[in-house]
Amino acid sequence: MSIDSGFLCSCCGRHHDELPLSYHMPAPAYWSPEMTGVPDSVLSSDQCVIEGEHFFVHGLIEIPVIDTDETFTWGVWVSLSRNNFARMSRMWETPGRESEPPYFGWLSSELPVYEPTTLNLKANLHTRPVGLRPAVELEPTGHPLAVEQRTGITSARVRELAELLLHPGHQK
């Protein structure tokens, strides 16, 4: 089955030309725009530091779409300890970095389509070859996001996520 031909939205009744397979959180949940320019605070597309005390890396939760050959992706932020963040940063452009052991962290993105909250789920960050974002592996719990990562989702679930994210607050 192909999911690249768009979808008819049950929320607005319109045909959307594209069914997104990827959503990225622009910053950790703990970042606010007022932090721009604050000493020892920086946000890039890959890393974030808040006041030199809190360290985050942008990684990918990949979920197989079981009735297609596609993968659905959440771009999320994971907190790391100071030492793990420093090590990962030193290895950022180093070929072979994917042989590093995983880094433990806490999911630091609030994905609004999940209850209970996705904040502070236990995660392992797996470094991949230079140029690729790290893979985020959630602890195998009963949280709906962790279950979806383990078991996959259907293309109908991808469409449901798109509708929820395109029309926040709309009740079906």
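Values reported hereafter were calculated over all heavy atoms of this structure, with side chains retained and with hydrogens, waters and symmetry mates removed. The model shown is predicted, which means the values in this text are computed figures rather than measured ones.
At a threshold of 4.5 Å between non-hydrogen side-chain atoms, the residues Glu51 and Val38 count as touching. Looking at Pro134 and Met88, their side chains come closer than 4.5 Å, going by heavy atoms from C-beta outward. Counting only heavy atoms from C-beta outward, the side chains of Val57 and Trp77 never approach each other to under 4.5 Å. Residues Leu43 and Met35 form no side-chain contact, since every pair of their non-hydrogen atoms from C-beta on lies 4.5 Å or further apart. Inter-residue side-chain proximity for Leu161 and Phe72 is flagged as met; some heavy-atom pair is nearer than 4.5 Å. Using a 4.5 Å heavy-atom cutoff, the side chains of Leu19 and Val158 are in contact. Put simply, the side chain of Asp46 reaches to within 4.5 Å of the side chain of Trp92, judged on heavy atoms. Residues Thr117 and Glu110 form a side-chain contact, since some pair of their non-hydrogen atoms from C-beta on lies under 4.5 Å apart.
Shown here for Leu80 and Gly105, the closest heavy-atom pair between the two residues is CD2-CA, 4.4 Å. Looking at every heavy atom in both residues, Val130 comes nearest to Thr94 through CG2-O, 3.4 Å. The two atoms that bring Trp31 and Ser41 nearest to each other are CZ3-CB, 4.1 Å, heavy atoms only. A pairwise comparison of heavy atoms in Leu119 and Ala29 identifies CD2-CB, 3.7 Å as the closest pair. Here the shortest heavy-atom pairing between Leu138 and Gln149 reads N-OE1, 2.9 Å. Taking every heavy atom of both residues into account, Glu115 and Pro144 meet most closely at O-CG, 3.5 Å.
Side chain of Arg82 to main chain of Gly52: a donor-acceptor pair is present (N/O by atom type, distance under 3.5 Å, no hydrogens or angles). Looking at His54, its side chain never comes within 3.5 Å of a backbone N or O of Val49 through a donor-acceptor pair. No donor-acceptor pair under 3.5 Å is formed between the side chain of His24 and the backbone N or O of Pro26.
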**Message:** For Arg157 and Glu160: C-alpha separation, side-chain torsions, deciding distance, then whether salt bridge (Lys or Arg N to Asp or Glu O under 4.0 Å) applies.
**Reply:** CA-CA 5 Å; Arg157 175 66 171 150; Glu160 177 187 1; 3.4 Å; yes

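Taking CZ of Phe56 as the reference point, atom OG of Ser44 lies at 13.0 Å (rounded to 0.5 Å). Between the CH2 atom in Trp106 and the CG atom in Leu125 there is a gap of 14.5 Å [rounded to 0.5 Å]. Atom OG of Ser89 sits about 11.5 Å away from atom CE of Met91, to the nearest 0.5 Å. From Ile63, atom CD1 reaches atom OG1 of Thr71 across 9.5 Å, with rounding to the nearest 0.5 Å. With rounding to the nearest 0.5 angstrom, the CD1 atom of Ile153 is 8.5 Å from the CD1 atom of Ile66. How far CG of Asn84 is from OH of Tyr103: 6.5 Å, rounded to the nearest 0.5 Å.
Of the listed residues (Cys48, Ser108, Pro28), just one forms a side chain to side chain contact (heavy atoms under 4.5 Å, CB included) with Ser79, and that residue is Ser108.
Donor-acceptor pairing under 3.5 Å is recorded for the side chains of Glu137 and His126. There is a side-chain donor-acceptor pair under 3.5 Å between Glu34 and Ser32. In the model, Asp67 has no side-chain atom that pairs as donor or acceptor with a side-chain atom of Thr154 under 3.5 Å.
If you chain together hydrophobic residues whose side chains sit under 4.5 Å apart, Tyr114 and Val65 fall into the same group. Note on Leu21: it clusters hydrophobically with Leu165, by side-chain heavy-atom contacts below 4.5 Å among ILVMFWY residues. Residues Leu145 and Leu60 are members of separate hydrophobic clusters, defined by side-chain heavy-atom contacts under 4.5 angstrom among Ile, Leu, Val, Met, Phe, Trp and Tyr. Cluster annotation: Phe104 and Val76 are assigned to distinct hydrophobic clusters (Ile/Leu/Val/Met/Phe/Trp/Tyr, side-chain heavy-atom contacts under 4.5 Å, transitive). In the hydrophobic cluster analysis, where Ile, Leu, Val, Met, Phe, Trp and Tyr join through side-chain heavy atoms closer than 4.5 angstrom, Phe85 is grouped together with Met25.
The residues Arg150 and Glu62 are annotated as not salt-bridged, no charged nitrogen and carboxylate oxygen being separated by less than 4.0 angstrom.
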